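This report concerns only the one structure given below.
In listed order, ligands and their atoms are each counted from 1. Here the structure is a predicted model, which is why all the values come from computation and not from measurement.
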Amino acid sequence: MLSHSLGYPRVGSQRELKKANEQFWSGKINREELQKVARKIRHQNWEIQRNAGIDLIPSNDFSLYDQVLDTSLMVGAIPERYHQLIDGKSNRELDIYFAMARGYQQNGLDIKAMEMTKWFDTNYHYLVPEFTRNQMFSRYSDKVLLEFEDALQKGIKTKPVLIGPVTYLLLGKEKEDGFDKMDLLDTLLPEYISILKELSSRGAEWVQLDEPGLVLDLSHKQKLAFQSAYEQIREAVQPLKILVATYFGALEDNLSTATGLCIDALHIDLTRGAESLPVILSDEDFVLSFKKLSLGVVDGRNIWKNDYQKSLEFINRAIEVLGENRVMVAPSCSLLHSPHDLDLETNENVLTGEIKNWMAFAKQKLNEVSHLARLVRTDWELEEDFINNQNAIASRKNSSLIHKPEVKKRAESIVDADFERVSAFSARQMLQLEKLELPLFPSTTIGSFPQTDEVRKLRSDLKKNVITIDQYEDRIREEIISSLRWQEDLGIDVLVHGEFERNDMVEYFGESLSGFVFTQNGWVQSYGSRCVKPPIIFGDVERPEPMTVKWSAFAQANSEKLVKGMLTGPVTILQWSFVRDDQPRKDTAFQIGLAIRDEVVDLEKAGIKVIQIDEPAIREGLPLRKSAWQNYLKWAVDAFRLSAAGVADQTQIHTHMCYSEFNDIIDSIAAMDADVITIETSRSQMELLDAFSAFNYPNEIGPGVYDIHSPRVPTVDEMVTLLEKALKVIPARNLWVNPDCGLKTRKWPETEAALRNMISAANLLRESVAVGQ
Ligand SMILES: CN1c2c(nc(N)[nH]c2=O)NC[C@@H]1CNc1ccc(C(=O)N[C@@H](CCC(=O)N[C@@H](CCC(=O)N[C@@H](CCC(=O)O)C(=O)O)C(=O)O)C(=O)O)cc1
Ligand SMILES: N[C@@H](CCS)C(=O)O
Ligand SMILES: [Zn+2]
């Protein structure tokens, strides 16, 4: 039985790649130095996997920025606007690559970045391929070949990983009307076939084509595309063995499409789609074929130890039907979504022994895969690895750290009125208009201001006891004051305190709530060089004391203008944490909802009149299958309403969302009933607003007028154009002016320039409306 891994985290256990990328972008290191860091990480990853005893080790799972962008470069899907950077004489692959990822504002050129969106239902973001009607594909990057060769030189014959052609098309966007991206398959396939043939001729035996598209709702045409693609690939690339990897869900109605593919192995995710297993094992055609079945038993998206008893039962069941040679064992998906290494968590004050013993990070998950592959051939109940594992599982199940009767009791006592504001929006809007005295097109920002190296160093110095808590807080207060003065000078209407005291919008709350633990080094890539350290929810959640009131009250006391309170909502805290798997997500969301509600009420008591509860992850939490949407949306919206509804009508509740398509869930967005929603819209040129206008969305909206993910400074004209576009579908009295998202990833000079332009755009709009009247 072969063991394998679908992909390994690539930022490095100390975020070496993040640091190298950022140094390269700021000109502190050159491309050779960047490539050296990248190569070292790849070599380490291969070594770790070899040492863990994994049979098939992946290559090309590494990426400098994003694996979907890598694929676009591989097949030459480089949008026209970047062609001016292609220089026949010198190799500009890296410049083009980063220009596509981050935009390009140099040498008199001003080229926008590609759109970025969520990778399925994860907190990872990919760069959306752009397709035109006459789209051509032609190999541009040989990265996949080079990485295979590199590993081969180290004595490792890897299994190169590529995003499968059908999923690649499904992930892309038609940038012109009048064609269906699926019709590009025949043009795309020759590029895939040519690269696979080359891999085969260089000695590759296995290749992994990731087709998570197979866990989505698919049209008949899309299902046929899978069938046709793999018939053509198989025929052209023999004897190369093809493994198609599905993950993040069950195959459901795509099961026969998946099992019928002309391939050598099919990988299924048993942590999210266990119901596929018995169906496949009773599918005569599959059983009578020679295909292998790869069982994704070790959860690549959570940090709990695998339950060996359960996994061995799955593996045994498959072996009984298919025989040992046709069964493979693996993590459920790429370990990109797991933190690197639990062994690096050495601080007992952060992660205690008992709870730590319940966990496995990427490196430990590989050992689990190896153990399972070995144990299945033994009388496992007598084996030490098995006994240790089952002891840890039992220790978690029975631990007194997890359950708090008073928290459960409060959640059980929630009544319908707890989800309702006192009055309907129309009445609240009048009261807020009177109380807040805001101008037409009020301007605001989303919350965070640049997290400079100095601010981050302060936190790091505090952790290392280089400075005291008083010194730390004094410096944070200084940052708040200077940002308030600066916002006032600029003429922003609703100010923010800047979130300088927060490491991250979820981790910060995780550190203050009971029922959570957090890590020192549990970094997971979110996009490009940006990482998060998701907190871990292990038990019932409670708010021991106010979490943000001190900072918001301080900020409000230091400005005549309104300062927004700033919180992260229950669904986002849930979605961006590693969660309990011993109770429904809804129960955890409601417990967090109650904790945030207490904070909202305390902010109001402290004199904060505008409170934002960010819910950027509401869309991301949506199940991948439409049939499960309603159930999720009901409890997700309720969790938000529970957190927001404890205040008086005059208190204005904002929410914020980014990276979202709302067309299909607009009724749920409206049901959240936030007084104001600020949303990301600029990269899609306000396309998103069509949904709000078609639905007649009643509440106030701040459609983002500039993309904060790129250092590019937008012009006043650009923003005026976007606002005018917005005004066509949003009544003037409901329109706010704000960026797409928080500014923590930006530097101060570009932030100041962009916000100055944004305020000029708001003023121009006010003037033109006044003239029009
Ligand atoms: C809004 N988004 C978020 C998502 N998920 C979250 N959990 N949070 C989000 O904000 N998902 C969708 C989007 C986009 N995603 C991101 C994700 C991450 C960042 C980001 O800026 N991340 C930072 C890390 C943030 C953090 O935890 N900082 C800590 C640690 C700081 C640090 O690096 N310290 C240094 C030492 C410094 C020194 O001594 O000089 C070190 O440890 O080496 C903190 O501030 O204390 C990142 O850098 O990647 C943005 C958008
Ligand atoms: N308040 C947060 C929201 C990010 S989605 C911020 O401004 O960073
Ligand atoms: Zn955001």
Side-chain angles (χ1 to χ4, degrees), residues 11-19 21-22 116-119 122-126 337 339 344 444-464 466-467 472 476 483 496-511 518-535 548 552 564-569 571-578 611-621 654-660 677-683 702 704 707-709 738-747 751:
V11 276
S13 61
Q14 304 297 325
R15 293 180 298 156
E16 295 87 338
L17 181 63
K18 169 210 171 59
K19 290 167 193 165
N21 263 332
E22 290 177 359
M116 186 161 67
T117 198
K118 294 278 176 184
W119 175 245
T122 74
N123 193 8
Y124 177 78
H125 308 70
Y126 72 93
H337 312 286
L344 299 177
T444 191
T445 60
I446 306 302
S448 58
F449 279 133
Q451 281 271 336
T452 55
D453 290 346
E454 292 75 38
V455 170
R456 293 224 158 118
K457 184 165 181 328
L458 281 178
R459 225 169 348 264
S460 161
D461 285 351
L462 175 66
K463 265 192 218 155
K464 294 182 205 144
V466 176
I467 55 171
Y472 172 75
I476 296 289
S483 91
V496 294
H497 76 286
E499 300 181 30
F500 302 107
E501 78 288 6
R502 301 185 190 177
N503 43 12
D504 171 72
M505 61 182 287
V506 168
E507 193 184 359
Y508 178 79
F509 289 92
E511 285 171 359
F518 47 96
T519 63
Q520 288 167 281
N521 295 294
W523 294 103
V524 178
Q525 188 179 17
S526 180
Y527 71 88
S529 70
R530 297 292 170 176
C531 300
V532 293
K533 257 196 287 140
T548 65
S552 287
K564 263 195 287 195
M566 197 58 59
L567 302 172
T568 304
V571 183
T572 299
I573 293 184
L574 178 85
Q575 188 65 23
W576 289 352
S577 299
F578 291 116
I611 301 168
Q612 180 170 309
I613 308 171
D614 291 322
E615 281 293 20
I618 267 213
R619 181 68 168 74
E620 165 193 316
H654 288 219
T655 191
H656 159 73
M657 296 182 192
C658 37
Y659 308 108
S660 295
I677 180 171
T678 53
I679 46 169
E680 193 227 275
T681 44
S682 79
R683 278 203 194 191
D707 171 22
I708 58 84
H709 294 104
N738 47 264
D740 267 344
C741 185
L743 295 155
K744 63 187 158 203
T745 57
R746 300 274 52 92
K747 304 239 180 303
T751 299

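Scanning all protein heavy atoms for the shortest distance to atom 6 (C) of ligand 2 gives Ser448 OG, 3.3 Å. Given atom 1 (N) of ligand 2, the protein heavy atom at minimum distance is Asp614 OD2, 2.7 Å.
Ligand 2 has no N or O atom lying under 3.5 Å from any N or O atom of Cys658, backbone or side chain. Of the N or O atoms in Glu499, one or more lie within a sub-3.5 Å distance of an N or O in ligand 2. The shortest N or O to N or O distance between Lys463 and ligand 1 is not under 3.5 Å.
Under a 4.0 Å criterion applied to the non-hydrogen atoms of Gly447, ligand 2 contributes the atoms 7 (O).
Looking at Arg530 against ligand 1, both its backbone and its side chain come within 4.0 Å, counting heavy atoms. If you look at Met116 next to ligand 1, there are no close heavy atoms at all, none under 4.0 Å. Only the side chain of Pro616 comes within contact range of ligand 2, with a heavy atom under 4.0 Å; no backbone atom does. Under 4.0 Å from ligand 1, not a single heavy atom of Lys533 appears. At a heavy-atom cutoff of 4.0 Å, ligand 1 is contacted by no atom of Tyr508, backbone or side chain.
Among residue pairs with one or both ends in residues 518-529, none qualify as salt bridge (charged side-chain N to carboxylate O under 4.0 Å, His left out); sequence neighbours excluded.
Residue contacts with ligand 2 leave out Met657, since none of its heavy atoms falls under 4.0 Å from the ligand.
Under the side-chain contact (heavy atoms from CB on, under 4.5 Å) criterion, Gln14 pairs with Glu16, Leu344, Asn521, sequence neighbours left out.
For atom 4 (C) of ligand 2, the choice among Glu615, Met505, Lys564, Met566 with the nearest heavy atom turns out to be Met505. Comparing heavy-atom distances from atom 24 (C) of ligand 1 across Gly528, Gly447, Cys531, Ser529 singles out Cys531 as nearest.
Geometry note: the Zn ion (ligand 3) is the vertex, Cys658 SG and Cys741 SG are the arms, and the angle is 110° (rounded to 10 degrees).
With hydrogens and angles ignored, the 3.5 Å screen pairs no side-chain donor or acceptor of Glu680 with any backbone N or O of Gly704.
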